[in-house]
Asks: 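After the structure tokens below, expect a handful of questions from me.
Side chains included, hydrogens not; waters and symmetry mates left out as well; all remaining heavy atoms used. Read the numbers this way: they start at 1 and go in the same order the structure lists the ligands and their atoms.
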Amino acid sequence: MDIHEYQAKELLHQFGVENPPGALAYSPEQAAYRTRELGGNKWVVKAQVHAGGRGKAGGVKICSTDSEIQAACKEMFGRKIVTHQTGPEGKGIYRVYVECAVPIAAEYYLGLVLDRSSQRVMIVCSREGGMEIEEIAASRPDSIVRESVEPAVGLRDFQCREIGFKLGLEADVIQSFVKALMGCYRAFRDLDATMVEINPLVLTEDRRILALDAKMTFDDNALFRHPQISELRDKSQEDPRECRAADRGLSYVGLEGNIGCIVNGAGLAMATMDTIKHAGGEPANFLDIGGGATPDRVAKAFRLVMSDENVNAVLVNIFAGINRCDWVADGVVQALTDNPASVPVVVRLSGTNVEEGRKILEDSGLPIIKATTLKEAAALTVQAWKDSVKPQMTAPAREVEEPA
Ligand code: ADP
Ligand code: MG
């Protein structure tokens with residue numbers, strides 16, 4: 001789970017990471033009012049979205065007057081911001097953070113990630129702050145400093161000092177740098193984060209070390225241990241399909257293709273997606289309906305998959321052990337009876353109560369395409385999808401020919 005910059009700054013501050021004074025606002029008027037409360041004579045208005053690269057996309061504006069702040073906010077609120085991290089659809093701006101502008105002497109990159117291959121927390125730093133890490137890695141790989149943390153002893157002060165000196169920091173600011181890095185590490189560890197990124201971490205002209213940006217991602221499987229973090233979830237920033245799935249207790253990941261998948265078990269769901277690709281199609285989603293799925297749950301899963309307008313065909317692939325094919329069939333029939341699908345539906349059932357399940361599909365009189373093996377099911381789905389989109393694919397070609 002991702003959180004906003006202002007939330008990450010607040011959390012990190014509790015661990016000793018300093019940042020400039022700032023406040024959250026939900027309207028241009030509130031932003032102006034908040035800046036008056038903050039004091040000072042220069043501020044930064046920052047769009048709060050779950051993505052980096054806002055500066056280049058107009059989501060970070062420096063302002064010196066009340067009216068500049070309101071104007072900057074009016075340009076942001078309600079708009080969608082598109083950065084290289086949002087995807088082409090962008091992310092909506094519904095909150096802004098106003099922060100006192102600070103005079104910057106140098107910008108650094110500081111990131112903590114979970115390195116799965118070494119099974120350790122990895123610290124990644126660079127004196128090329130402000131740029132995205134991918135850019136730094138491509139243009140100045142020599143500037144990147146890496147240090148992994150031995151889990152049994154944790155991050156040590158001497159390691160932080162070493163990193164600081166490698167970044168070129170001078171002795172008078174090393175202690176503040178150690179405090180910032182230690183704070184990030186403790187927050188990472190204590191809150192079950194998978195990523196903490198401060199870009200840029202700056203040295204100010206009055207020689208303070210401050211986090212000007214902050215990003216944190218948390219391990220979803222550990223959120224039950226941190227209710228105060230779970231509460232920070234902002235659904236407006238997430239894929240609406242995935243939110244709906246999470247609310248229904250389904251494990252769903254939206255993808256770019258057009259073949260909807262309804263499967264039981266994560267492994268079988270992965271194999272189904274592979275087989276669809278092998279047959280020449282593109283899966284529209286990963287979906288695991290779990291074990292012991294009731295007809296109601298299956299119907300909900302079906303409606304969720306169908307709510308994606310890119311879906312042109314659906315493949316239901318069930319290998320029932322704990323599940324029951326008759327319940328799955330009931331669910332599919334229930335969903336299709338309530339809301340007849342305009343796209344071909346292929347169902348492959350195997351395992352517990354398979355005969356009963358097939359009979360339910362047969363007796364329903366619905367135009368469901370039945371398959372026995374996964375290979376056959378994938379091939380039938382891809383064929384049905386190709387047949388169903390053919391007329392639309394040829395239509396524009398004819399239009400182009402007409403003027404000639
Ligand atoms: P993003 O990474 O999404 O582009 P940042 O929060 O990193 O957004 O802001 C972009 C740039 O704006 C920073 O690299 C920094 O130069 C500048 N900036 C951000 N906050 C402040 C601030 N409080 N004072 C001065 N400059 C700032
Ligand atoms: Mg940044």
Asks: Take a 6.0 Å sphere around CG of N41 and say whether it holds more than 12 heavy atoms from other residues, nucleotides or ligands.
Replies: no
Asks: Hydrogens and angles aside, do D338 and Q334 bring a side-chain donor and acceptor to less than 3.5 Å of each other?
Replies: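 No, because no side-chain N or O of D338 sits under 3.5 Å from a partner of the opposite role on Q334.
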Asks: Salt bridge between K235 and E238, side-chain N to carboxylate O under 4.0 Å?
Replies: no
Asks: Between D296 and T294, is any side-chain donor less than 3.5 angstrom from a side-chain acceptor?
Replies: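 Per modelled atom types, D296 and T294 side chains form no pair under 3.5 Å.
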Asks: Check ligand 1 for N or O atoms under 3.5 Å from a protein N or O and list each pair with its distance.
Replies:
from	atom 1	to	atom 2	distance (Å)
ligand 1	2 (O)	D213	OD2	3.0
ligand 1	3 (O)	G53	N	3.1
ligand 1	3 (O)	R54	N	2.8
ligand 1	3 (O)	R54	NE	2.7
ligand 1	4 (O)	R54	N	3.2
ligand 1	4 (O)	G55	N	2.8
ligand 1	6 (O)	K46	NZ	2.7
ligand 1	6 (O)	R54	NH2	3.1
ligand 1	6 (O)	D213	OD2	3.4
ligand 1	7 (O)	N199	O	3.1
ligand 1	7 (O)	D213	OD2	3.0
ligand 1	8 (O)	R54	NH2	3.2
ligand 1	14 (O)	E107	OE2	3.1
ligand 1	16 (O)	E107	OE2	2.7
ligand 1	20 (N)	K46	NZ	3.3
ligand 1	23 (N)	E99	OE1	2.8
ligand 1	23 (N)	C100	O	3.1
ligand 1	24 (N)	V102	N	3.0

Asks: Side chains of E37 and Y33: donor-acceptor distance under 3.5 Å anywhere?
Replies: yes
Asks: How about Y109 and E132: does a side-chain donor come under 3.5 Å of a side-chain acceptor?
Replies: no
Asks: Can you list the steps and then say if R324 with D330 is a salt bridge (charged side-chain N to carboxylate O under 4.0 Å, His left out)?
Replies: CA-CA 10 Å; R324 294 173 44 172; D330 264 338; over 6 Å; no
Asks: Quick one, K179 with E18, criterion salt bridge (charged side-chain N to carboxylate O under 4.0 Å, His left out). Give me CA distance, side-chain angles, the key distance, then yes/no.
Replies: CA-CA 9 Å; K179 192 171 164 226; E18 303 291 338; 3.1 Å; yes
Asks: If you leave out waters, which protein N, O or S atoms are less than 2.8 Å from the Mg ion (ligand 2)?
Replies: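 For the Mg ion (ligand 2), the protein N, O and S atoms that sit under 2.8 Å away are N199 O, D213 OD2.
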Asks: Between T194 and T217, do the side chains contain a donor N or O and an acceptor N or O under 3.5 Å apart?
Replies: no
